[in-house]
Each structure stands twice: as structure tokens, then as C-alpha cells.
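What follows is one structure encoded as C-alpha cells, with my remarks underneath.
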There are 2 protein chains.
Amino acid sequence: MTSAGRRPDDGERYRAILETAARLICERGYEGTSMQEIAAACRLTKAGLYHHIQNKEQLLFAIMSYGMDLFEGQVIAKVKDIEDPVERLRACMRRNIEVVTRGASKEVIIILHEHATLTGEAREYIDQRKKEYVRFIESAFSEAVKLGRVRPLEPTIVAFSFLGMVLWVYKWFKPDGRLTEEQITDGMLDLFFAGLAAPGAAVPEPGSAPTLSRVAATGVGEKK
Amino acid sequence: MTSAGRRPDDGERYRAILETAARLICERGYEGTSMQEIAAACRLTKAGLYHHIQNKEQLLFAIMSYGMDLFEGQVIAKVKDIEDPVERLRACMRRNIEVVTRGASKEVIIILHEHATLTGEAREYIDQRKKEYVRFIESAFSEAVKLGRVRPLEPTIVAFSFLGMVLWVYKWFKPDGRLTEEQITDGMLDLFFAGLAAPGAAVPEPGSAPTLSRVAATGVGEKK
DNA sequence: AAGAGCCTACCGACCGGTCGGTAACATTGG
DNA sequence: CCAATGTTACCGACCGGTCGGTAGGCTCTT
């Protein structure tokens, strides 16, 4: 009836199902979305849907794997060859915010939100790929430290601070809101990389309280 | 049998139910936790549980309201009277990380994770209380700007960067992990407040190119 | 003929929620 | 002092509906 003939399906159909399912799961959560609803959104019956997938958890796993592919393609692959580690980190942050704000891939949002939904090997596999991204950031930072481009901070804390700033965005960003993607990107780049570069504990004390190393009296002075 | 008498209950029992339910929901998610399981964990039948609550969503709402009470008591109330705005922000970050890392209140974690689960008025009420916290951070920052203690950045972006860093912690922190609560707190305080204080766009260019004075508000030069 | 693709029909388990009933108290009136 | 009455806390049984998942058959293409 509705089906306009039977296409040969070269895997394109499968990906369409993943994208449709991802849209729903992103809106209502994994447990909050039934296979019935996913099937209907794919213009299939439930049994028809099960012709393409094994079960619900495997579907989530496929969505997340696909999401990791997309993320790595749109972020890591695009910045990994940048020579300068600081510029690499900057570009990485820019790309990362881009992925989160443009709701292009609901799959990535699902990875962010459903961080404890998968179980067993599937969970381990996705966690492993996430960890690789953390290490990517850590090592870019460490490289920058070695070159004397940034302060020597704990790399993992720096990486998770980076990630917290840019990934938390998915919880509050609204495309039609007051803040544009550009403003957010610029603001966070400025804030984060200033924090990496500035010497010492920063932020001068209020009065003439005893501080070890004063930076500048006005607070808007230049670095020493 | 198990019931040790039938006291008229001064509300203590109700809170115990909220805490038990919060523990479960925090572990398995809201949609992933059945009323049956919650009732059993409270040593009640499902019907017995429904004597104390109206329905599942109202239960979640009660947990979140209680969580907001706890959070405001352990963070905002403890720092709101600190005169110096920068010290207020510092203390705020310290307290906030504390609440997230010590799994003391699962209710707060639920608020963080289930950010889009509630509907209608309940959702609006919780969102309102969250917004008040964002405004609390924004205005502490703006106050610091007015005093010349920090750079003039977009307050909302600063607030959400602050929040992203400290709240994202719930996704990765493990009490027995390599990083202690103290390390995380110190590292993030250092990084964030250095970013607030440092002049200009920070981070020198690769070659030793002149960074000079970049305008703070507009951030760094974009694409190269 | 083979098989991909999809359907109707159905399964047992479980979902959130409610019903009437009851044991254990507190309060009150005599 | 004690019984009648009311209230609170709770249970067993059950509701209609939905959950994830499957068996088996039909159709269309190759």
C-alpha cells in the first residue's frame, strides 16, 4: 500500500531506521520509547521492524556506534592533523560545540544522555570509544604543556572540564534562544583557553589580603 | 507482621520513601524503574506505596523538589552571604562539586539527569528553581565584573560553563577512582578562575606571534 | 526456486493504578 | 475504665493496557 515498491536496500534503509529511532529516543528517552512507536515512525509494524534489528538494546547500541562514527568524523577527523596542539584543541572545541548545538545528529545526544543505559560488552565498547576521545584531548593538552604553550595542569581534569563545558550544552541550548552558537563558541573558547594560559591562581584578592604572587592590581593588566 | 506499630507518621516516613525511590531511580532511571520495585524497596506492596503518593510523576516531582531543597541548603545557603563575589563563586563551585561527588543526595543527581522527564507545571516549577541558581551565578559574576575583579564576559555563558564543568562530573566521577574530590575541586577552581581573570585571549601563538590586546568581550579571532 | 521484506496474529510478563477490606492505633463519650 | 468511633497505614486481588518479542505466512523481485 504505502510502500512505493520494494527498494533493493543497500543498507540505506537500515540507517534510515537508526535515524528515525534516534529521533524518537532522543525526544523521549530510551526506556520511554516503545518499539511500537519506533516501528510506527518507520512506517512499519513491530514485526516488520524486528526484521531489521535483533532487539531493543542492540538497536540502541547500533545508534550509539553510528553516533560515535558521526562524532569522530565531524570532530576528531577534522582536527587531528592540526600540527599545533593548542590550535588543535581550539578547533576541537569549536567542532564539538557545533555538533551539540546543531541538532544534526540525535545519535550523539543519545550517547551523551544515556551514559549508563547499555550493559555488558556493548557498554564497554562505547565507553572505550568515549575514553579514546578523552585521551585525545588529554594528549593534545599534554603536548601543549611540553611546548610551554599552556600551564601544567592535571590533564584528565582539564579534559573533563573541556568536555563538561561543551557537552553540558545539550541540556540547555535552544536554537532560537538568546545565545547563538557563535557566541557560545567564542565565549567558551575565550574562557577555557585563558584558563589554560594564565599563570598562577589568577583572580586578585579583594583588598590587600596576603597573596603570594600578585598578578596585577587592576585585574585587567597584562600577564607577567 | 513486619509493621512495627501504626504511628500517625510525622512525615518522616514519607521522606524515607522519597530517599529509597531516589536511590532506585538514580540507578535505573525514571522510566526504567517500576512502582513495583520502588514499593518492594520500601518494604511495601504497590498499593501500600500508593497510600503515600498520588502517582509516579508526582513522586518524581517530590524527589526533585526535595533535591532542590537539599542543593540550595548545601550550596546556595552556605555561600550567599559571602561578601566578595569572587570568593562567593569559588565557594559555590567547591560546594557544588562536593554535592555531586559525594553521592550524598541521589535526588540532586536525578535532577541533573532527568532534565526533560517532568511535564507541565511540575516541569516549569523545577526549571524555575534551576534558573534561579543560574541567575545566582550570573549575578555574582556580574558583581565581580563591576568591581573590576574579573574580565567582562557574557554572564550566561560564564554561568553555563561553570555549571557544565561541575555538573558533568556526575557522568564520570567514581569515588574510588584515581582523582579525588579535592584534586578535582582544586583543578577546576584553578582553571575556571584563571580563565575569568586572565586578560585578553590568552594562550600565545605558536611562533611567539604578538598576542597583544584582544578585545575581551568579543573573544578571540575566529578562523585563521 | 529462493529469499528479502513485511504483515497478521499472538505470546507471557509486566506496566501504572485502583478496589474493597482490615489491623492497629488515637480520640471521645459515658 | 471501657467501649464506640474515626483515622492511618497497609494488603491481596485485580483492572485495562502495553511491553519486548516471535511464529508463520504472504508478496514481490531476482
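Chain identifiers are assigned alphabetically (A, B, ...) following the order of the sequence lines, protein sequences preceding nucleic acid strands; residue numbering begins at 1 within each chain. Side chains are part of it too, since the values below use all heavy atoms of this structure and drop only hydrogens, waters and symmetry mates.
- Ring-centre distance between B/F141 and B/F162: not below the 6.0 Å cut-off.
- Remark: B/R13 is in phosphate contact with D/dC10, judged by side-chain N or O atoms under 4.0 Å from OP1 or OP2.
- In this structure, the CD atom of A/E31 is 11 Å from the P atom of C/dC15, given to the nearest Å.
- One can place NZ of B/K46 at 14 Å from P of D/dA13, the figure rounded to the nearest angstrom.
- B/L49 comes within 4.0 angstrom of no nucleic acid atom, judged by non-hydrogen atoms across all strands.
- If you check D/dA9, C/dG16, D/dG21 against the side chain of B/H52, the one that comes closest is D/dA9.
- Regarding contacts with the backbone of C/dC14, every side-chain N or O of B/S34 stays at 4.0 angstrom or more from both OP1 and OP2.
- The side chain of A/H51 lies closest to C/dC6 when the candidates are D/dT22, C/dC6, D/dC19.
- Atom C1' of nucleotide D/dC15 and atom OH of B/Y50 are separated by 13 Å, given to the nearest angstrom.
- The nearest whole Å value for the distance from the CG atom in A/L44 to the P atom in C/dC6 is 6 Å.
- Distance CD1/B/I184 to OG1/A/T156: 9.5 Å, rounded to 0.5 Å.
- By the 30° and 60° cut-offs, the orientation of the rings of B/Y133 relative to B/F71 is perpendicular.
- For residues 15-25 of chain A, the pairs satisfying side chain to side chain donor-acceptor pair (under 3.5 Å) are A/E19-A/Y66, with sequence neighbours left out.
- Nucleotide D/dC10 holds its P atom 14 Å from the OH atom of B/Y14, rounded to whole Å.
- Put simply, CD1 on A/I53 is 15 Å from C1' on C/dG5, counting in whole angstrom units.
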Between B/W172 and B/L179, is the side-chain contact (heavy atoms from CB on, under 4.5 Å) condition met? List the steps. CA-CA 11 Å; B/W172 56 270; B/L179 295 171; 4.2 Å; yes

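- Positionally, the nearest nucleotide of DNA chain D for B/A47 lies more toward the 5' end than for the other of B/A47 and A/E57.
- Whole-Å rounding puts the A/Q58 CD to D/dG20 P distance at 15 Å.
- In this structure, CD of B/Q36 is placed 12 Å from C1' of D/dC14, rounded to the nearest angstrom.
- The residue among B/E37 and A/T45 whose nearest nucleotide of DNA chain C lies closer to the 5′ end is A/T45.
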